[in-house]
Amino acid sequence: MKTKLGAIALTLPIALATLTGCSMTDTNNSDDIPSSGVSTSSDAAEDAKKTSSELYNLIGLKGKASDTGPGVKECGKKDPDKYFQIFHSWSFTPTSSEQLDGAMEQLKSKLPKHGWEVVEYGPDSSRNKNLSLTADNDTKKFSVKITYQAKDNPSNLSFFVVSGCYQVPDGQKIEQF
């Protein structure tokens, strides 16, 4: 368990760097994170949970999702007292590992029907060459990176959902969680 948590802690910054560069809008500068509007961090976290729940439903398999909550991070080089992003990292483990065969291809075809644009698909750069999918949803202002970790025991899908850049409402502070 400690090794798994350590691996997640190591991959989190890499995933954040990868996903926050995705273009959820027509931005030409990869450092320019798209705006998600004005929100409290609590309300934005609820949006992230809702988005993750919708992604969970698209899997269409019986299994169990990890019980993790969203987190708050700074929004690039913007004022950290006014701007933030929400991320939600979780995993799905099916009742049987064989159920995941073809799951990524199904997600690749289902996501566009639900407002997602698949921007990257194929093996990642890890030693295991895990199958990875990155998709953006311009309407929801979220990106997701899904990784099929076939060689893990048990096999699972790893999800990393990240928002665009929110601005906290005037007179309020960003809650950290």
Side-chain angles (χ1 to χ4, degrees), residues 1-2 4-27 29-61 63-93 107 110-120 132-147 156-177:
M1 182 68 170
K2 286 184 181 180
K4 192 81 150 167
L5 289 174
I8 290 171
L10 261 175
T11 58
L12 185 62
I14 295 167
L16 282 170
T18 301
L19 285 174
T20 57
C22 290
S23 60
M24 289 185 279
T25 61
D26 295 330
T27 57
N29 182 349
S30 65
D31 293 332
D32 189 16
I33 301 167
S35 172
S36 287
V38 177
S39 179
T40 64
S41 45
S42 294
D43 288 344
E46 287 303 315
D47 288 344
K49 285 193 242 180
K50 183 178 177 187
T51 299
S52 288
S53 180
E54 291 168 2
L55 292 166
Y56 176 85
N57 291 335
L58 288 177
I59 299 169
L61 299 172
K64 181 172 170 72
S66 60
D67 187 19
T68 57
V72 178
K73 70 177 233 68
E74 290 182 8
C75 190
K77 296 178 182 175
K78 294 188 176 192
D79 182 349
D81 292 328
K82 288 185 176 183
Y83 299 94
F84 65 95
Q85 284 182 278
I86 294 290
F87 65 90
H88 189 202
S89 180
W90 56 280
S91 63
F92 172 80
T93 305
L107 284 168
K110 285 181 180 180
L111 285 167
K113 296 172 187 170
H114 294 273
W116 294 88
E117 178 187 353
V118 176
V119 295
E120 190 175 317
S132 180
L133 179 153
T134 302
D136 295 336
N137 189 314
D138 286 344
T139 303
K140 294 181 182 297
K141 302 295 185 202
F142 278 97
S143 286
V144 64
K145 182 171 184 131
I146 307 168
T147 305
N156 66 76
L157 296 177
S158 173
F159 288 76
F160 188 82
V161 178
V162 65
S163 73
C165 189
Y166 286 101
Q167 181 176 350
V168 72
D170 287 339
Q172 295 197 27
K173 294 187 181 224
I174 298 169
E175 300 169 76
Q176 298 293 327
F177 42 86

State the OG-NZ distance between S36 and K141, to the nearest 0.5 angstrom. 7.0 Å

Where I86 and P70 come nearest, the two heavy atoms and their spacing: CG2-CB, 3.9 Å

From CA spacing to verdict: side-chain contact (heavy atoms from CB on, under 4.5 Å), F142, L55: CA-CA 12 Å; F142 278 97; L55 292 166; over 6 Å; no

Would you compute the distance between atom CD of Q167 and atom CD of Q172 and round it to the nearest 0.5 angstrom? 11.5 Å

Looking only at heavy atoms, which two atoms of T139 and N137 are closest? And how far apart? N-OD1, 3.1 Å

Restricting to salt bridge (charged side-chain N to carboxylate O under 4.0 Å, His left out), what partner residues turn up for K110, sequence neighbours left out? none

On a heavy-atom basis, the closest approach of D43 and T40 is N-OG1, 3.1 Å

Please confirm whether F92 and Y56 have ring centers closer than 6.0 angstrom. yes

Within this structure, what is the OG1-CG distance for the pair T93 and N156, rounded to the nearest 0.5 Å? 4.5 Å

Return the minimal non-hydrogen interatomic distance between S132 and T147, and the atom names on each side. OG-OG1, 3.9 Å

Could you state the interatomic distance from NZ (K73) to CZ (F84), rounded to the nearest 0.5 Å? 12.0 Å

About how many Å separate CD of E54 and CD1 of I59, when rounded to the nearest 0.5 Å? 13.0 Å

Test your reading of the model: is there a side-chain donor-acceptor pair from T134 to the backbone of E120, 3.5 Å cut-off? no

Hey, is NZ on K64 packed in by over 12 heavy atoms from elsewhere, all under 6.0 Å? no

Tightest non-hydrogen contact, residues S89 and T68, listed as O-OG1, 2.5 Å

Tightest non-hydrogen contact, residues S41 and V72, listed as CB-CG2, 4.1 Å

Derivation of the side-chain contact (heavy atoms from CB on, under 4.5 Å) call for S163 and Q85: CA-CA 6 Å; S163 73; Q85 284 182 278; 3.9 Å; yes

State the CG-CG distance between D136 and L111, to the nearest 0.5 angstrom. 11.0 Å

Is it true that, when you exclude D170 itself, more than 12 heavy atoms of the residues, nucleotides or ligands shown sit nearer than 6.0 Å to its CG? no

Contacts table for residues 44-52: side-chain donor-acceptor under 3.5 angstrom, sequence neighbours left out:
{"residue": "E46", "atom": "OE2", "partner": "K49", "partner atom": "NZ", "Å": "3.0"}
{"residue": "T51", "atom": "OG1", "partner": "D47", "partner atom": "O", "Å": "2.9"}
{"residue": "S52", "atom": "OG", "partner": "A48", "partner atom": "O", "Å": "3.3"}
{"residue": "S52", "atom": "OG", "partner": "H88", "partner atom": "ND1", "Å": "2.7"}
{"residue": "S52", "atom": "OG", "partner": "W90", "partner atom": "NE1", "Å": "3.0"}

